[in-house]
Protein chains: 2
Amino acid sequence: MSGYELHRVIDESIGNFWSESFGQIYPTLKQLQAKGLVSASEGARLGSKVYSLTELGRFRFREWLGLPAQPQVVRNELLLKLFFGNHADSETVCQQVTQERHRFEADLAHYAGIEARLKADYGGHPGMPYWLMTVNYGKAEAVALIGWCDETLKQIKTLAAKPAEAVR
Amino acid sequence: MSGYELHRVIDESIGNFWSESFGQIYPTLKQLQAKGLVSASEGARLGSKVYSLTELGRFRFREWLGLPAQPQVVRNELLLKLFFGNHADSETVCQQVTQERHRFEADLAHYAGIEARLKADYGGHPGMPYWLMTVNYGKAEAVALIGWCDETLKQIKTLAAKPAEAVR
DNA sequence: TAGCACATGTAATAAGTTACATGATTTT
DNA sequence: AAAATCATGTAACTTATTACATGTGCTA
């Protein structure tokens with residue numbers, strides 16, 4: 001597909017856990033072409049290009065699938081702020097946690113939408129079971145962290161009510 | 001504290017969800033000093049500096065605590081590979097998921113260690129309840145995702161056994 | 001014909017890691 | 001005396017986003 005199309009498809013399919021900008025996509029496609037991993041042909045419009053994996057590219061792709069996935073470096077601003085929670089008033093901290101809870105709720109709704117659209121548009125596709133597994137990852141995470149938000153909000157309120165007991 | 005100490009303390013306290021390298025720490029301390037948010041004084045060693053928050057710095061810090069936490073852009077290589085699971089054999093995919101499961105188990109053990117050390121070394125500290133909340137976040141996430149790993153591994157094995165039924 | 005979606009690409013900027021260079025102090 | 005730890009700092013590099021510049025082709 002074209003770089004433009006690639007961008008849209010990435011957003012729509014794996015947007016929950018991956019993203020690429022045009023500034024990455026276009027230069028990378030050129031590099032991949034230089035390495036012989038993709039080939040370009042004329043698109044429908046003037047100046048547009050349609051890329052396909054070469055045989056070498058497909059081989060390298062499968063090779064990559066077997067390489068152990070590297071975990072990314074996590075930077076969680078909510079937790080950073082929560083860590084210093086005793087320097088803020090409890091309302092401020094609750095606001096932060098509540099906002100995160102809303103975010104996870106929105107994620108869940110989003111996942112439900114994706115799942116429905118996926119099943120409606122691509123029923124029977126061999127990739128489907130794997131696509132749903134990635135959605136389930138997000139769901140499992142969101143459900144667990146909504147539970148954490150609720151528990152944490154309760155704890156913060158308890159702390160605010162009886163600050164003397166909090167330190168025990 | 002000194003830049004060096006800051007690096008160590010960050011690793012030991014909030015290392016689960018935040019990290020800073022020397023290449024960030026030293027230039028940033030200088031910038032903070034230029035802005036009047038921290039002040040530097042002579043350390044115990046020749047050439048070493050000990051930084052403290054100024055009153056303005058402490059004010060800005062509290063201000064920052066109230067600003068809504070921004071979620072970071074997630075890039076999950078495991079899910080990216082899993083998404084293309086139908087292009088690999090099921091053993092390869094299982095390996096990836098199993099590796100992730102090991103990672104989460106290791107995280108859990110790590111959190112247990114942190115919690116024990118925290119309670120032993122800083123019992124009664126007013127920050128403790130908040131510190132434990134950040135640990136609990138990691139625990140909740142890890143437990144949920146270990147569950148997802150188990151469920152996913154089961155599904156992949158089912159797919160491998162009856163590929164024809166998989167797509168339904 | 002105006003506006004939107006399609007389409008490519010580069011430059012400026014941001015954010016951060018790694019490696020290197022250097023040296024003091026403490027511990028073994 | 002050697003090794004480890006404490007300590008500062010810079011330069012090179014990597015990775016990625018955002019904004020900008022430019023233009024095509026369809027549709028209301």
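Note on naming: letters A, B, ... go to the chains in the order of the sequence lines (proteins, then strands), and numbering restarts at 1 for each one.
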Please state how far atom [atom1] in [X] lies from atom [atom2] in [N], giving the value in whole angstrom units.
X: B:Lys49; N: D:dC6; atom1: NZ; atom2: P; result: 19 Å
X: A:Arg45; N: C:dA7; atom1: CZ; atom2: P; result: 5 Å
X: A:Glu42; N: C:dC6; atom1: CD; atom2: P; result: 19 Å
X: B:Gln70; N: D:dT17; atom1: CD; atom2: P; result: 16 Å
X: A:Leu29; N: C:dT8; atom1: CG; atom2: P; result: 8 Å
X: A:Arg75; N: C:dA14; atom1: CZ; atom2: P; result: 17 Å
X: A:Ile25; N: C:dC6; atom1: CD1; atom2: P; result: 14 Å
X: B:Phe22; N: C:dT22; atom1: CZ; atom2: P; result: 18 Å

Q. Closest nucleotide of DNA chain D for A:Ala44 versus for B:Glu5: which of these residues is on the 5' side?
A.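 It is B:Glu5 whose nearest nucleotide is closer to the 5' end.
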
Q | Of A:Leu46 and B:Gly3, the one whose closest DNA chain D nucleotide lies more 5' | A |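 Nearest nucleotide further toward 5': that of B:Gly3.
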
Q. Nearest nucleotide by nearest heavy atom, which residue falls closer to the 5' end of DNA chain C, A:Ser48 or A:Pro27?
A.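 With A:Pro27 and A:Ser48 compared, the 5'-side residue is A:Ser48.
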
(Q) Counting the atoms with a prime plus P, OP1 and OP2 as sugar-phosphate, which does A:Gly23 contact under 4.0 Å by heavy atoms, base, sugar-phosphate, or nothing? (A)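 Base, at least one base heavy atom under 4.0 Å.
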
Q: Give one of base, sugar-phosphate or nothing for B:Ser19, where a contact means two heavy atoms less than 4.0 Å apart.
A: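 If one applies the 4.0 Å heavy-atom cut-off, B:Ser19 turns out to touch the sugar-phosphate alone, with no base involved.
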
Nearest to the side chain of [X], heavy atoms from C-beta on, is which of [options]?
X: B:Gln24; options: C:dG16, C:dT25, D:dT8; result: C:dG16
X: B:Ser2; options: D:dA7, C:dT8, D:dG9; result: D:dA7
X: A:Tyr26; options: C:dA24, D:dT10, C:dA7; result: C:dA7

Q: Give a yes or no on this: more than 12 heavy atoms of other residues, nucleotides or ligands lie within 6.0 Å of atom CD of A:Glu105.
A: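 Yes, because the 6.0 Å sphere around CD of A:Glu105 holds more than 12 heavy atoms from other groups.
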
(Q) Are more than 12 heavy atoms, taken from residues, nucleotides or ligands other than B:Glu63, located less than 6.0 Å from that residue's CD atom? (A)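 Correct, the count exceeds 12.
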
Q) Strictly under 6.0 Å, is that where the ring centroids of B:Phe61 and A:Phe84 end up? A)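 Yes, ring centres under 6.0 Å apart.
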
Q.
Testing the 3.5 Å rule here: is there a donor-acceptor pair between the side chains of A:His125 and B:Asn86?
A.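 No, because no side-chain N or O of A:His125 sits under 3.5 Å from a partner of the opposite role on B:Asn86.
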
Q) B:Gln155 and B:Glu151: side-chain donor and acceptor closer than 3.5 Å? A)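 B:Glu151 and B:Gln155 do have a side-chain donor-acceptor pair below 3.5 Å.
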
